[in-house]
Asks: 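Below is a structure I'd like to ask you about.
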Amino acid sequence: MCVAIPGKIVSLDGNMAKADFSGNIVDVNTGIIDAKIGDYVLVHAGCAIEVMEKDKAQELIDLFAEIDELEREQ
Amino acid sequence: MEIREIIDYLKAYDGPELKFMEVCGSHTSAIFKTGIRSLISPKIKLISGPGCPVCVTPTAYIDKCAEYAMAGDSELLTYGDMMKVPGTHGSLSDLKGDGAKVTMMYSPFEAVEKAAADPDRIFAVAAVGFETTIPSYALMIDEAKRRGVKNIKLITALKTITPAIDWICANQPAIDGFICPGHVSVIIGCQPYIAIAEKYHKPMVVCGFEAEHILAVLYELVRQMERGEAKVVNLYPNAVRWEGNVKAQEVLEKCFEPDEATWRGLGSIPGSGMYLKGDYAVYDGGSRGLVRDMELPEGCSCGSVITGVLNPDECPMFGTSCTPLDPYGPCMVSAEGACGIWYRNR
Ligand code: SF4
């Protein structure tokens with residue numbers, strides 16, 4: 001129920017955007033984020049809830065760097 | 001650190017038994033899909049929590065939705081997951097079969113369009129969800145107000161997760177740490193967990209839904225337990241800011257206020273529900289006071305399942321008299337319910 005799916009903003013008009021989900025273009029409300037065309041956003045219930053910072057591959061590389069960081073703090 | 005080292009560490013863990021709760025149903029799904037249990041020591045137990053808003057909806061709520069579906073001048077709009085949850089007179093799906101006006105929606109914004117196009121009917125929206133979903137309802141009702149659309153009613157079963165985590169900590173002290181819900185945390189951030197982590201001395205880690213995220217979160221939780229720590233850590237910084245989505249919090253607070261809510265299987269938790277307030281309250285379709293809950297059907301252990309006392313397959317009905325096609329208890333109904341997930345991944 002709380003799943004949010006990443007899509008890419010392809011057009012913007014005020015608080016309404018069109019987002020691309022693997023080729024499906026869907027209307028998305030962007031009232032609670034600051035989105036630009038080309039951003040990857042997490043979408044839930046017709047609403048973009050956050051802009052993703054990095055692509056997935058980079059995110060996972062950073063995740064393990066973060067764990068190293070946490071270990072070193074000890 | 002390499003993922004291989006993390007897997008080796010979790011596989012070799014041989015300390016005291018640890019119980020971690022994944023609060024969110026999407027994490028329960030991800031844990032099955034990725035086969036994480038087979039990669040870690042049997043001494044690390046993963047427990048499914050109450051994080052499926054559909055599964056914790058009380059009977060009185062379904063009955064209220066049914067009233068709108070059966071009244072002559074109204075139509076009920078709902079997400080598909082709600083259709084099969086049992087109410088006093090059957091589920092919304094049963095009622096639809098008998099001719100009641102129940103329509104599936106994919107986004108709450110559809111309701112505004114429908115209501116604007118057909119002003120003589122009431123469009124009642126079954127608004128169910130946690131913090132991830134509440135901002136969509138806030139934006140939608142704000143839009144209805146702005147456009148002067150009056151024939152919309154929200155029947156809300158909107159809940160906030162931190163009072164439920166607090167309830168679990170108080171009532172299920174055997175849980176050692178929490179995998180915090182990733183997409184709820186996108187909205188609320190990490191700060192709200194700090195007070196609970198400190199009060200009960202339990203580590204709480206926010207993470208995403210990939211196998212790597214879950215392995216990382218388990219490693220972090222085990223390491224904190226070994227060191228006797230109870231810290232809040234964000235391992236999903238790609239989507240979750242420490243302070244959350246402030247704009248979302250603002251629209252949420254503009255339209256909704258907290259009050260008591262009933263959770264199926266847990267009972268009433270003060271301050272855990274969100275209700276339309278002020279100028280927006282005219283859009284409320286009778287959401288307060290929906291406290292009556294069906295006794296769980298005899299033999300159904302959902303109350304124990306969502307508080308981590310039993311695993312779904314320990315319920316005697318599991319897979320015999322209770323399956324996703326013919327659910328007996330609410331946890332089997334939704335795609336995110338713990339029993340349904342366990343069944344589909346047996
Ligand atoms: S298997 Fe069915 S009856 Fe048993 S706890 Fe789960 S939903 Fe309830």
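Throughout, protein chains are lettered first and strands after them, A, B, ... in sequence-line order, and every chain is numbered starting at 1.
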Asks: What class does the angle between the rings of B:Y9 and B:Y219 fall in, given that below 30° is parallel, 30 to 60° is tilted and above 60° is perpendicular?
Replies: perpendicular
Asks: What part of B:L235 is in contact with chain A, defined as an atom under 4.5 angstrom from a non-hydrogen atom: side chain, backbone, both or neither?
Replies: both
Asks: Do you know which two heavy atoms are closest between B:N234 and A:E66, and how far apart they sit?
Replies: O-OE2, 4.3 Å
Asks: With a 4.5 angstrom heavy-atom cut-off, which part of B:V246 approaches chain A: side chain, backbone, both or neither?
Replies: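 When you check distances to chain A, no heavy atom of B:V246 falls under 4.5 Å.
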Asks: Assert yes or no for the condition that the ring centre distance of B:H183 to B:F209 is strictly below 6.0 Å.
Replies: yes
Asks: Output the option from B:P135, B:G25, B:P108 having the highest count of non-hydrogen pairs under 4.5 Å with chain A.
Replies: B:P108
Asks: Just how far is it from atom OG1 of B:T28 to atom CD1 of B:I179, taken to the nearest 0.5 Å?
Replies: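 So the OG1 of B:T28 and the CD1 of B:I179 are separated by 8.5 Å.
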Asks: Go through the atoms of A:V41 and report whether side chain, backbone, both or neither lie under 4.5 Å from a heavy atom of chain B.
Replies: neither
Asks: Hey, are A:K18 and A:D27 close enough for a salt bridge, meaning a charged N less than 4.0 Å from a carboxylate O?
Replies: yes
Asks: Check for a donor-acceptor pair, side chain of B:H213 on one end and backbone N or O of B:E210 on the other, with a separation under 3.5 Å.
Replies: yes
Asks: What part of B:E220 gets within 4.5 angstrom of chain A, counting heavy atoms only: side chain, backbone, both, or neither?
Replies: side chain
Asks: Measuring heavy-atom distances to chain A, does B:L215 have an atom under 4.5 Å in its side chain, in its backbone, in both, or in neither?
Replies: neither
Asks: Could you look at A:L60 and say if it's the side chain, the backbone, both or neither that has a heavy atom under 4.5 Å from chain B?
Replies: side chain
